[in-house]
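Following: one structure in C-alpha cells, then a few remarks.
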Amino acid sequence: MKEQLRRALLRALQSAQAAGDLPQFDHSALEFAIETPRSAEHGDLAANLALQLARPCRRKPRDIAEILVRHLAEAGGILAKAEIAGPGFINFFLNPTAWLAALPHIMGEGPNFGRSAWGAGRRVMVEFVSANPTGPLHVGHGRGAALGDALARLLEYVGCSVATEYYINDAGNQMATLGRSLLHRAQELAGSDQAFPDNHYKGEYIRELAEEYLKTLTGPAAPPSPGDQAAVKAAADWAGAKILDGIKDDLRVFGVEIDNYYSEQSLVDRGAVRASFDDLKARGLMYDNEGALWFAASRYGDEKDRVVKRSNGETTYFASDIAYHREKFERGFDQLIDVWGADHHGYVPRLKAAIQALGREPEALQVVLVQMVSLLRGGEPVAMSTRAGEFVTLREVVDEVGRDAARFIFLTRRSDSPLDFDLEVAKQKSLDNPVYYVQYAHTRVMSILRKAAEAGVNLPDPGQVDLSRLGLDEEVALARRLGEYPEAALGAAQALEPHRITYYLNEVAGAFHSYYNAQRVLGEDAGLTAARLLLSQAVGQVLRNGLGLLGVSAPEAM
RNA sequence: GGGCGGUUAGCUCAGUUGGAUAGAGCGUUGGCCUCCGGAGCCAAAGGCCGUGAGUUCGAAUCUCGCACCGCCCA
C-alpha cells in the first residue's frame with residue numbers, strides 16, 4: 001500500500017518536473033516517509049514529500065504539495081482523495097476496499113502470510129544462552145533463550161538463512177572448580193569433615209551429582225582427593241556432561257531447539273586459537289609484553305590492548321572468543337548475532353575490535369544485550385543468590401507457569417530493559433497476564449468457527465466474499481491492522497526486537513475482543529456472516545503466525 | 001575517575017527509526033451477560049516525555065552540558 005503511493009508520488013514529481021512546474025534537481029538522495037497519521041482526520045496515510053522538497057526546490061512546502069497533488073494520477077483506484085494539510089503534508093484517504101483486500105490475501109498465504117525475502121542470501125548465526133555447564137539454567141538464561149530463539153525465528157521468517165548455536169565454555173578454570181566442588185562433596189558424603197571452599201559451587205545440585213558420581217566410582221581409593229589433578233579433570237568432564245544434558249533438557253522443555261552445541265575445548269584442541277593468533281600476527285596486531293601476548297585492540301576503538309595469552313602460558317577467554325568468531329565467519333556466516341547478559345557489555349568493544357582486525361565490518365557482529373530478570377511472587381521479590389548457589393531455575397519456573405506464559409512474558413519488554421517476572425501474574429488467567437489475552441482472542445476465533453460448523457454454516461471461499469459487506473469503521477480498521485503484520489515482522493527482525501511482535505499481537509487481540517463484544521459474527525444474513533467469518537479467520541491466522549514467531553502456542557480452546 | 005544503559009500517567013512499560021492533539025495495561029471511579037466463551041468489553045480521570053541549551057519547517061526521538069538510578073572497568 002505504502003509502496004504504491006510512494007511510486008505514485010514519484011511519478012507525480014517527475015510529471016511536475018517535465019511540465020516545468022517544479023525545477024529539476026538530483027533526487028537520488030531523496031528520502032521521504034509515508035506514514036499512518038495519529039488522527040483519522042489526517043487521512044489513512046500521509047506523505048511528507050513536499051516538506052522534504054522545500055529546500056531543493058526553494059518553494060513553499062504547501063505550494064509544492066499542491067503541484068504534486070495536481071500531477072497525481074489515479075493510483076489504481078485505491079485512492080479516494082488526497083488533501084494538503086498543515087505545513088505541507090499530503091494526506092491520502094483510501095477506499096475501504098483497499099484495506100479489506102488484505103483479508104482474502106491473508107487466507108491465501110495462510111501460515112506464510114508475513115514472510116518476506118528481505119534477508120535472502122544472508123547467512124546469519126544466532127548464538128545464545130551459552131551458559132557455562134557448571135549448573136542448571138536460571139531465569140535470566142531463560143530470557144536470553146526466549147529472545148535468541150525468537151530472533152532466529154524472526155530472521156528466518158524474513159528470508160535469512162539462520163543457524164543457532166550454544167557455545168560451551170568447557171576449557172577454563174570454572175570446569176576445574178566444578179570438578180573440585182564435586183570431589184569435595186563426594187568426600188563429605190564419604191565422611192570427611194573438611195571445610196567446603198568458599199569460592200566453589202555450593203548449589204544443592206552439586207551434592208546430588210556427587211552422590212551419583214560416587215556410585216560410578218570403583219576402586220579402593222574412592223572418592224579421590226580434590227588435590228588430584230587427573231581426578232579433578234575426570235570429575236569435571238563427568239559433571240560437565242551431566243549438567244549440559246540437563247541444560248539441553250531444560251531448553252527442550254522450554255521449546256528451544258538449538259542447532260549446534262559448540263565446545264570451546266574442541267576449538268582449542270583443533271588449533272583454532274593458534275590459527276587465529278597466526279592470523280593476527282600476520283596482520284601485525286599482536287605483540288609481547290612482560291611475558292604475555294597482547295592483541296592491539298585499541299587500534300580498533302577498544303579502550304586498551306588485551307591479553308590473549310598470559311605469562312604462564314594459558315590463553316584467555318578472549319583468545320577463545322576471537323578464534324570462535326573467526327571460525328563462524330570461516331563457516332560462511334556473514335552476520336553474527338550474539339545474545340549476552342547486559343553485565344558483559346564492557347566486552348563488546350574488544351570483540352568488535354577483533355572482528356575488524358580479522359577484516360570484517362564491525363556491523364558484522366551485532367550483540368544483543370539482555371537485562372536482568374527480577375523474580376517476584378505476588379509482588380514480593382523471590383530471594384536469589386548465585387553465590388550461595390540458591391536460585392530459581394528456569395525449569396522450576398516453566399513447570400510452575402508453563403512454557404507459553406514464560407516465553408511470552410520474557411518478550412514483553414525490550415531486551416535492554418530490566419524485567420519483573422511475577423510468578424503469580426504469569427499463572428493468572430486474566431488480562432493481567434498478557435499471554436492469556438492474546439491466546440484467548442485466538443480461542444474465541446476458533447470457538448466461532450466451531451459454532452459455525454455446528455450450525456452447518458460453511459466457511460467462505462475467501463476469493464468469493466463480498467468485502468463491501470464489511471462497512472463498519474472497526475472492521476476496516478481491524479483488516480488494516482492485520483495487513484500491517486508483514487511490516488511489523490520485518491521491522492522487528494531488522495531491529496532485532498521481538499517485543500514489537502508481542503505488542504502488535506496485543507493490539508490485534510484487543511481490537512478483536514472489542515469487535516467481538518460489539519458485533520455478532522454469526523447471523524441471519526448469509527453474506528454478512530460470510531464476510532465476518534472471513535475477517536475472524538484472518539484474525540486467527542495472523543495471531544497464529546505471530547505467536548509462532550515467539551514460540552508460543554495458539555490454542556484451539558483453553 | 002572513564003565507559004555503557006536508563007529517566008514518558010500513581011505503578012509497570014510502548015512509542016513504527018524526525019511528523020500533526022504523546023499511547024497501552026494495572027490501579028481508581030462508573031457502566032455492559034435473554035447474545036458466537038464475561039479468561040471479555042465500554043466510559044471517565046490521570047502528562048513540563050528528568051533538566052538546560054543546540055540542530056530545522058517540526059524533537060519524547062538526533063547533538064552537547066547537568067542531575068539522579070543501575071551496571072561494567074580501573
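Throughout, protein chains are lettered first and strands after them, A, B, ... in sequence-line order, and every chain is numbered starting at 1. Side chains included, hydrogens not; waters and symmetry mates left out as well; all remaining heavy atoms used. Note that the structure is a prediction, hence the values are computed from the model and not measured.
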**Message:** With rounding to the closest Å, how many angstrom separate the C1' atoms on A59(B) and G52(B)?
**Reply:** 15 Å
**Message:** At less than 3.5 Å, do the side-chain atoms of Asp416(A) and the base atoms of G5(B) form a donor-acceptor pair?
**Reply:** no
**Fill in**
Here the distance between atom P of G40(B) and atom CD of Glu474(A), to the nearest Å, is 19 Å
**Prompt:** Side-chain donor or acceptor of Asn506(A) under 3.5 Å from a matching atom on the base of A14(B)?
**Reply:** no
**Tyr437(A) or Ala47(A), whichever maps to the more 5' nucleotide of RNA chain B** = Ala47(A)
**Asked** When we call it a touch if two heavy atoms are under 4.0 Å apart, what does Ala488(A) touch: a base, just sugar-phosphate, or nothing?
**Response** nothing
**Prompt:** Which of these nucleotides, C36(B), G38(B), G6(B), is closest to any side-chain atom of Tyr440(A)?
**Reply:** G38(B)
**Asked** Quick one: Leu351(A) CG to C4(B) C1', roughly how many Å, whole number?
**Response** 16 Å
**Request:** Rounded to whole angstrom, note down the P distance from A9(B) over to G46(B).
**Result:** 14 Å
**Request:** In whole angstrom, give me the gap between the C1' atoms of G23(B) and C66(B).
**Result:** 29 Å
**Asked** For Asp525(A), does its backbone N or O pair with a side-chain atom of Thr529(A) as donor and acceptor, under 3.5 Å?
**Response** yes
**Message:** Students often get this wrong, so: under 4.0 angstrom with heavy atoms, is Glu454(A) touching a base, only sugar-phosphate, or nothing?
**Reply:** nothing
**Complete:** For Asp149(A), the salt bridge (charged side-chain N to carboxylate O under 4.0 Å, His left out) test, sequence neighbours excluded, returns Arg153(A), Arg407(A)
**Request:** Remember a base hit wins even if backbone is also touched, and classify Asp422(A) as base, sugar-phosphate or nothing at under 4.0 Å, heavy atoms.
**Result:** nothing
**Request:** To the nearest Å, give me how far apart CD (Glu497(A)) and P (U61(B)) are.
**Result:** 17 Å
**Request:** Determine the contact category for Ser514(A): base if any of its heavy atoms lies under 4.0 Å from a base atom, sugar-phosphate if only primed atoms, P, OP1 or OP2 are that close, otherwise nothing.
**Result:** sugar-phosphate
**Request:** Can you tell me, in whole Å, how much space there is between the C1' of U29(B) and that of C72(B)?
**Result:** 46 Å
**Request:** Using a 4.0 Å heavy-atom cut-off across all strands, classify Ala46(A) as base, sugar-phosphate, or nothing.
**Result:** base
**Request:** Would you check if there is a donor-acceptor pair between the side chains of Glu264(A) and Asn169(A) at a distance under 3.5 Å?
**Result:** yes
**Asked** So, do Leu535(A) and Phe512(A) sit near enough that their side-chain heavy atoms are less than 4.5 Å apart?
**Response** no
**Asked** Checking all strands, does Ser417(A) fall into the base, sugar-phosphate, or nothing category for heavy-atom contacts under 4.0 angstrom?
**Response** sugar-phosphate
**Message:** Assess, by modelled atom type and distance only, whether the side chains of Tyr167(A) and Asp338(A) contain a donor and an acceptor separated by less than 3.5 Å.
**Reply:** no
**Asked** Is the ring of Tyr503(A) stacked on the base of A14(B), with centres less than 5.5 Å apart and planes under 30° off?
**Response** no
**Asked** With respect to the side chain of Arg413(A), which nucleotide from C36(B), U12(B), A20(B) is positioned closest?
**Response** U12(B)
**Asked** For His344(A), which contact category applies under a 4.0 Å heavy-atom criterion: base, sugar-phosphate, or nothing?
**Response** nothing
**Complete:** By nearest-heavy-atom nucleotide on RNA chain B, the more 5' of Asn517(A) and Met372(A) is Asn517(A)
**Message:** For a quick check of understanding: with a heavy-atom distance under 4.0 Å over all strands, which category does Pro418(A) fall into, base, sugar-phosphate or nothing?
**Reply:** sugar-phosphate
**Request:** Whole angstrom is fine here: how far is it from NE2 in His345(A) over to C1' in C72(B)?
**Result:** 4 Å
**Message:** Stem list for RNA chain B, please, built from Watson-Crick and G-U wobble pairs under 3.5 Å and keeping only runs of at least 3.
**Reply:** B:1-7 with B:67-73, B:10-13 with B:23-26, B:28-32 with B:40-44, B:50-54 with B:62-66
**Among C71(B), U12(B), C36(B), the one nearest Ile448(A) by side-chain distance** = C36(B)
